[in-house]
Amino acid sequence: MIMNREYKKAPNILTGKDLSYLKDIFGWNYSAYKLLNDSMQFVENKEISKLLKECSNLFYENMNDVLNILENGGNNE
């Protein structure tokens, strides 16, 4: 039986390819977050330390965005 469905709007689903991309995105952000957090203890310059903290926070937020997408099954409306 062939099923022909016509969608007016794309369904909110995550494909295997989506999950692969999200895994990569999470991994990149986790690696950067961990590297910056581990490096901050060795930086004495306050401006650079502040910048590293801001970047670390950005990577942390990105990881949480990925987790939210997974938690909601791709339905982020």
Side-chain angles (χ1 to χ4, degrees):
M1 178 199 287
I2 298 175
M3 295 177 60
N4 291 324
R5 288 189 182 172
E6 192 173 308
Y7 292 102
K8 302 283 183 208
K9 182 180 172 186
N12 287 324
I13 60 171
L14 291 173
T15 66
K17 195 171 214 175
D18 294 328
L19 292 174
S20 181
Y21 287 139
L22 290 170
K23 178 183 171 192
D24 288 344
I25 292 167
F26 186 90
W28 299 327
N29 281 279
Y30 177 75
S31 295
Y33 171 77
K34 181 131 177 65
L35 176 69
L36 292 177
N37 272 338
D38 292 346
S39 299
M40 279 191 278
Q41 63 183 329
F42 302 111
V43 176
E44 294 179 10
N45 183 301
K46 290 189 187 276
E47 285 184 44
I48 293 174
S49 181
K50 181 182 174 188
L51 181 60
L52 290 177
K53 183 65 177 167
E54 289 173 4
C55 292
S56 173
N57 288 340
L58 175 65
F59 294 127
Y60 185 81
E61 289 173 18
N62 290 344
M63 288 188 301
N64 280 313
D65 288 343
V66 170
L67 293 176
N68 287 333
I69 290 169
L70 293 172
E71 185 176 82
N72 294 316
N75 187 6
N76 291 328
E77 294 178 4

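Bear in mind the structure is a predicted one, so any value in this text is a computation, not a measurement.
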Classify the ring geometry between Tyr30 and Tyr33 as parallel (under 30°), tilted (30 to 60°) or perpendicular (over 60°). tilted
With rounding to the nearest 0.5 Å, note down the distance linking [atom1] in [X] to [atom2] in [Y].
X: Asn72; Y: Leu67; atom1: CG; atom2: CG; value: 11.0 Å
X: Leu36; Y: Met40; atom1: CG; atom2: CE; value: 6.5 Å
X: Leu35; Y: Ser31; atom1: CG; atom2: OG; value: 8.5 Å
X: Asp65; Y: Met63; atom1: CG; atom2: CE; value: 10.5 Å
X: Glu54; Y: Asn57; atom1: CD; atom2: CG; value: 8.0 Å
X: Leu22; Y: Leu14; atom1: CG; atom2: CG; value: 6.5 Å

Any side-chain heavy atom of Val66 within less than 4.5 Å of one from Asn29? no
Heavy atoms from other residues, nucleotides or ligands near OH of Tyr60 exceed 12 (cutoff 6.0 Å): no
Count the heavy atoms belonging to other residues, nucleotides or ligands that lie under 6.0 Å from CD of Glu47, then report whether that count exceeds 12. no
Between Ser49 and Val43, which heavy-atom pair has the shortest distance, and what is it? N-CG1, 3.8 Å
For residues Leu52 and Trp28: do they belong to one hydrophobic cluster (side chain heavy atoms under 4.5 Å, members Ile, Leu, Val, Met, Phe, Trp, Tyr)? yes
Would a hydrophobic clustering, with Ile, Leu, Val, Met, Phe, Trp and Tyr connected at side-chain separations under 4.5 Å, put Ile48 with Phe59? yes
